[in-house]
Amino acid sequence: MQKIKSLMTRQGLKSPPENLSDLGAIESLRVPGKEEFRELREQPSDPQAEQELINSIEQVYFSTDSFDIVKYELEKLPPILNLQELEEYRDKLKQQQAAVSKKVADLILEKQPAYVKELERVTSLQTGLQLAAVICTNGRRHLNIAKEGFTQASLGLLANQRKRQLLIGLLKSLRTIKTLQRTDVRLSEMLEEEDYPGAIQLCLECQKAASTFKHYSCISELNSKLQDTLEQIEEQLDVALSKICKNFDINHYTKVQQAYRLLGKTQTAMDQLHMHFTQAIHNTVFQVVLGYVELCSGNTDTKFQKLQYKDLCTHVTPDSYIPCLADLCKALWEVMLSYYRTMEWHEKHDNEDTTSAAEGSNMGTEETNFDRGYIKKKLEHGLTRIWQDVQLKVKTYLLGTDLSIFKYDDFIFVLDIISRLMQVGEEFCGSKSEVLQESIRKQSVNYFKNYHRTRLDELRMFLENETWELCPVKSNFSILQLHEFKFMEQSRSPSVSPSKQPASTSSKTVTLFEQYCSDGNPFEIQANHKDEETEDVLASNGYESDEQEKSAYQEYDSDSDVPEELKRDYVDEQTGDAPVKSVSRETLKSRKKSDYSLNKVNAPILTNTTLNVIRLVGKYMQMMNILKPIAFDVIHFMSQLFDYYLYAIYTFFGRNDSLESTGLGLSSSRLRTTLNRIQESLIDMEVSADPTATLTAAEERKEKVPSPHLSHLVVLTSGDTLYGLAERVVATESLVFLAEQFEFLQPHLDAVMPAVKKPFLQQFYSQTVSTASELRKPIYWIVAGKAIDYEQMLLLMANVKWDVKEIMSQHNIYVDALLKEFEQFNRRLNEVSKRVRIPLPVSNILWEHCIRLANRTIVEGYANVKKCSNEGRALMQLDFQQFLMKLEKLTDIRPIPDKEFVETYIKAYYLTENDMERWIKEHREYSTKQLTNLVQEPSVWPQSRIIFWMKKSSLWLHNLHQTIIVLRK
């Protein structure tokens with residue numbers, strides 16, 4: 001740049017401007033003037049040359065971008081400048097510029113008319129715009145004047161009013177939004193108040209309102225919040241529904257159902273309800289058992305909480321087993337009661353809905369009926385399902401513990417609870433509770449077999465230590481007074497207290513659910529009832545009062561004060577073949593001394609062992625009444641108690657082989673069959689000295705019991721006590737009393753006995769119980785056979801001379817001796833009666849046996865006579881008539897037993913030969929010796945006929961004897 005400046009200075013040129021960019025800008029904006037146009041036009045032109053000059057211009061000069069010409073040309077200068085070259089180049093540029101300028105001038109001149117025309121239009125437009133500006137200025141001025149006059153105030157009022165309306169609407173919307181924002185607080189309060197229908201209704205209304213204001217951005221968040229709240233309400237509603245399972249509340253359940261109805265989920269609610277009931281059963285039983293297990297273990301170790309319910313039940317101790325079972329049943333009762341009341345609620349509301357639907361419109365009736373039908377079927381199906389769950393839980397608990405170690409009362413209590421639970425199940429869904437019955441039946445049979453075996457051993461011990469002393473009980477004693485039979489008061493048979501039947505019948509119509517629907521629990525009464533069990537059956541010193549003791553020794557004039565029950569007991573006990581049946585009522589009223597019960601009140605005769613057996617029977621019946629499926633096993637064991645008691649009485653007091661030889665039929669075939677059956681099925685007759693063998697045999701004969709042995713304290717050989725008559729009376733009559741109690745219990749046993757097993761019960765009563773009174777004959781026969789010295793009487797009769805020639809007016813001395821024996825027997829009988837009341841049937845049997853033995857002894861004495869005249873036969877009749885006359889003063893028995901036996905034998909001496917043959921065939925009650933004596937008497941027939949009759953009678957008697965032997969076998 002300095003070189004250029006120095007060159008220009010030497011040529012006398014002006015220096016270019018300092019800012020070359022300004023020079024370029026000036027050159028680019030320079031436009032040729034009019035003179036230049038004229039000069040350019042006047043210059044000669046060569047169009048072709050000009051065009052070539054224009055074409056020679058560098059392309060960069062035609063660029064539209066900003067372009068610095070001076071800088072461009074200076075940069076093109078060579079490093080070494082040559083003035084001549086510079087000048088030549090400068091001239092070239094001028095020529096190019098001139099060509100361009102001339103070209104531009106030509107173009108401008110060519111477009112000048114159009115330019116002028118356009119300029120005129122622009123000038124006209126400018127004038128119009130100036131006029132419009134003036135008009136606008138005037139309009140604004142007038143508008144300002146109007147605005148300032150009246151329009152501004154009016155329009156301001158209208159605008160404010162419109163703005164106010166908009167703001168009011170906005171405020172209302174804001175308040176609604178604010179209310180919606182605060183709804184969650186109110187919903188929480190309503191949920192705490194358990195107002196589920198109100199909460200759902202409010203939530204649904206809020207959702208509807210939120211949809212109205214959905215154009216607000218804050219509402220979208222509120223919508224999601226309301227949806228979450230509704231889901232939360234459903235969760236809490238489900239929790240509220242689960243509370244129904246344990247404690248049903250009508251108001252609470254009504255709210256829950258209304259809430260589900262608003263949600264349109266009544267069927268879902270029912271499905272959830274059944275799920276909650278199933279869960280409630282599981283949780284309830286688990287928590288109850290867990291509580292007792294932790295209580296008994298003394299710690300709250302979490303290991304129990306991790307156990308399965310089945311394993312948890314095995315940890316319940318025997319001491320806490322019954323309380324735990326009771327609480328378990330109580331808790332399950334609450335669950336089932338809640339379900340029962342739930343069904344009641346739906347039945348009631350279904351009827352109300354049906355009535356309202358009939359009165360109102362039919363809109364939505366089909367859907368409602370469908371929901372109602374679904375709920376009804378679901379509830380009915382749920383009955384069986386819930387009861388099945390209850391059974392399985394209780395069954396698991398029952399089988400989790402070995403009940404064989406329990407005491408009887410505890411086991412009965414368990415059975416009572418289970419029986420009550422099965423009753424609940426039957427009323428709940430009509431189920432027979434097969435699961436519970438089978439589980440408890442197995443344990444009961446197993447327990448009862450062991451228990452019964454122990455009781456039989458105890459009974460043998462009692463019998464072997466029994467002294468057969470009278471157990472003093474009150475005259476009005478009844479087995480129903482014993483606490484073991486208290487259960488029968490709730491369900492008495494028609495034979496007991498018919499006046500109470502209507503009350504018991506009406507009480508059965510009330511179910512447990514109706515009885516305990518509002519309050520109480522059927523499993524709570526057990527403990528209370530057990531505490532109330534008291535009994536008062538024992539008399540004081542054998543008398544119930546001082547008056548009775550004072551009047552006990554007074555004369556007996558009438559039987560009007562004898563209880564009708566006692567009279568019926570002893571009258572009905574006769575076997576049918578006893579002569580006492582022919583005694584008239586007037587004779588009974590007139591007697592003074594033949595009733596040996598004057599010293600005590602007519603209380604039942606029984607011993608401590610008898611009372612113990614009766615209590616055992618009561619306990620057995622309790623178990624049978626509670627668990628009817630094992631009724632046959634229990635009744636079978638009860639029959640064994642009676643069998644063993646009867647067999648023991650017979651073994652102690654009635655077994656005497658000499659009785660059978662008398663041929664009097666003291667033991668009936670039925671009694672002998674019964675005794676043989678008992679001995680074969682129940683009595684263990686084998687005895688082994690080897691302990692090992694004994695144990696092995698005992699296992700094989702575990703169903704049998706050793707034969708009992710009479711206590712050494714009981715003396716049966718003393719004549720002063722009539723050979724243990726007091727003990728015999730107590731033993732025998734206690735057996736009769738026990739048989740009467742079994743007869744009394746027969747309707748109850750028959751009611752629970754399975755139909756296929758009833759023949760066993762009927763056979764037991766007809767073959768065993770009814771034979772109890774038949775033991776009187778063989779037992780008292782032993783006393784009668786020893787009480788009077790019949791051998792001495794035979795000796796006295798043998799010393800009498802019967803072949804007298806004159807008819808005697810005085811009877812023989814043996815008659816007086818025999819009567820003295822009877823008087824002594826009567827005194828001893830009175831002495832015994834001071835210890836023990838001797839019932840009328842017993843005294844009649846004793847007198848009958850003694851008189852019969854005496855009469856047979858008389859016949860035997862007559863049969864021993866070798867020589868006898870007709871006067872001697874008359875003396876026999878005189879002696880016998882004297883004996884009868886004196887005997888009738890000692891006893892009231894009419895007719896005298898075997899009176900005809902003696903008289904017929906005496907009269908047989910007077911029969912003819914033909915009549916004798918027929919008489920022998922007809923009277924087979926006489927012995928061979930006695931019949932032989934008749935035909936051997938020389939004074940009756942000739943010697944030849946005697947020999948013939950001896951042969952004939954001996955042959956016939958031999959055949960008869962052989963027939964009797966065969967029959968006995």
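Worth saying up front: this structure is predicted, and the values here are computed from it rather than measured. Numbers for residues simply follow the sequence, beginning at 1.
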(request) Kindly indicate, with the supporting measurements, whether the criterion side chain to side chain donor-acceptor pair (under 3.5 Å) is fulfilled by H282 and K393. (result) CA-CA 8 Å; H282 174 76; K393 296 300 181 183; 3.2 Å; yes
(request) Step by step, work out the side chain to side chain contact (heavy atoms under 4.5 Å, CB included) result for I779 and F652. (result) CA-CA 9 Å; I779 290 176; F652 293 166; over 6 Å; no
(request) Take C296 and S320, measure what side chain to side chain contact (heavy atoms under 4.5 Å, CB included) needs, and give me the verdict at the end. (result) CA-CA 8 Å; C296 297; S320 61; 3.1 Å; yes
(request) Take R670 and S770 through the side chain to side chain donor-acceptor pair (under 3.5 Å) test and state the conclusion after the steps. (result) CA-CA 10 Å; R670 182 174 62 170; S770 59; 3.2 Å; yes
(request) With side chain to side chain contact (heavy atoms under 4.5 Å, CB included) as the test, would you mind laying out the steps for F523 and V424 before giving the verdict? (result) CA-CA 10 Å; F523 299 99; V424 169; 4.3 Å; yes
(request) Start with the C-alpha gap between F428 and T384, add the side-chain angles, then the distance that decides, and say whether side chain to side chain contact (heavy atoms under 4.5 Å, CB included) holds. (result) CA-CA 9 Å; F428 185 67; T384 306; over 6 Å; no
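Relative to the six-membered ring of Y451, R455 meets both conditions, a distance below 6.0 Å and an angle of at most 45° to the axis.
With a 4.5 Å cut-off on side-chain heavy atoms, S431 and Q388 do not count as touching. In this structure, Y650 and T771 have side chains that are not in contact, with every pair of non-hydrogen atoms separated by 4.5 Å or more. Residues V617 and M621 form a side-chain contact, since some pair of their non-hydrogen atoms from C-beta on lies under 4.5 Å apart. Proximity of L470 to T607: side-chain heavy atoms (C-beta onward) are nowhere separated by under 4.5 Å. Counting heavy atoms from C-beta outward, L421 and M336 have side chains that approach closer than 4.5 Å. A 4.5 Å side-chain heavy-atom check between Q391 and M422 finds every atom pair outside the cut-off. Between H636 and S639, the closest side-chain pair of non-hydrogen atoms falls below 4.5 Å. Between L735 and F642 there is a side-chain heavy-atom pair separated by less than 4.5 Å.
In summary, the aromatic rings of F513 and W333 are positioned with their centroids under 6.0 Å apart. F406 has its ring centre less than 6.0 Å from the ring centre of Y321.
In terms of modelled atom types and a separation under 3.5 Å, the side chain of T768 and the main chain of Y765 share no donor-acceptor contact. Counting only distance, with no hydrogens or angles, the side chain of R460 and the backbone of V705 share no donor-acceptor pair below 3.5 Å. Of the possible polar contacts, one joining the S734 side chain to the V730 backbone as a donor-acceptor pair under 3.5 Å is found. Between the side chain of N450 and the backbone N or O of N446 there is at least one donor-acceptor pair closer than 3.5 Å. Of the possible donor and acceptor atoms, none in the side chain of T609 sits under 3.5 Å from a partner among the backbone N and O of L463. Listed for the E464 side chain is no donor-acceptor partner under 3.5 Å among the backbone atoms of M461. A donor-acceptor contact shorter than 3.5 Å links the side chain of Q443 to the backbone of L398. A donor-acceptor pair is defined here as one N or O able to donate and one able to accept, closer than 3.5 Å; no such pair exists between the side chain of Y647 and the backbone of I678. Of the possible donor and acceptor atoms, none in the side chain of Q308 sits under 3.5 Å from a partner among the backbone N and O of K310. Using a distance-only test at 3.5 Å, with no hydrogens or angles considered, a donor-acceptor pair links the side chain of T278 to the main chain of H274.
A salt bridge links R615 to E484: one of the charged nitrogens lies within less than 4.0 Å of a carboxylate oxygen. Between E438 and R441 a salt bridge is recorded (basic side-chain N to carboxylate O distance below 4.0 Å). A salt bridge is defined here as a Lys NZ or Arg NE, NH1 or NH2 lying under 4.0 Å from an Asp or Glu carboxylate O, and D457 with R453 meets this definition.
At a cut-off of 3.5 Å, with distance as the only test, no side-chain donor of H452 or Y447 sits close to an acceptor on the other residue. At a cut-off of 3.5 Å, with distance as the only test, a side-chain donor of D402 or S404 sits close to an acceptor on the other residue. Donor-acceptor pairing under 3.5 Å is recorded for the side chains of Y645 and T610. Side-chain polar atoms of T674 and Q767 form no donor-acceptor pair below 3.5 angstrom.
Within a 6.0 Å sphere centred on NZ of K330, other residues, nucleotides and ligands contribute more than 12 heavy atoms.
If you take CE on M624 and CE on M753, they are separated by 9.0 Å, rounding to the nearest 0.5 Å. Taken from CD1 in I418 to CD1 in I440, the straight-line distance is 5.5 Å, to the nearest 0.5 Å. Atom CG of L611 and atom CG of L738 lie 10.5 Å apart (nearest 0.5 Å). Separation of atoms OH (Y292) and CG (L328) is listed at 9.5 Å; rounding is to 0.5 Å. R420 contributes atom CZ, which lies 10.0 Å from atom CD1 of I417 (distance to the nearest 0.5 angstrom). Expressed to the nearest 0.5 Å, how far CD1 of I386 lies from CG of L332 amounts to 11.0 Å.
The salt bridge (Lys or Arg N to Asp or Glu O under 4.0 Å) pairs that include a residue from residues 639-650 are D643-R677, where partners are two or more places apart or lie in different chains. Pairs of residues two or more places apart, or lying in two chains, that qualify as salt bridge (Lys or Arg N to Asp or Glu O under 4.0 Å) and include a residue from residues 744-755 are D750-K758.
Between F764 and F760, the ring planes lie parallel to each other; the angle is under 30°, not in the 30° to 60° tilted range.
Shortest non-hydrogen contact noted between Y397 and C324 is OH-CB, 3.1 Å. Taking every heavy atom of both residues into account, F286 and L307 meet most closely at CE1-O, 3.4 Å. For L482 against I614, the heavy-atom pair with the smallest separation is CD1-CG2, 3.7 Å. The two residues S707 and I683 make their nearest non-hydrogen contact at CB-CG2, 3.7 Å. Residues V769 and E743 come closest through the heavy atom pair CG1-OE2, 3.6 Å. The minimum heavy-atom distance linking L646 with A772 is given by the pair CD1-CA, 4.3 Å.
Applying the ring-ring contact (aromatic ring centres under 6.0 Å, His included) test to F448 and every residue at least two apart in sequence or in another chain returns Y620, F637.
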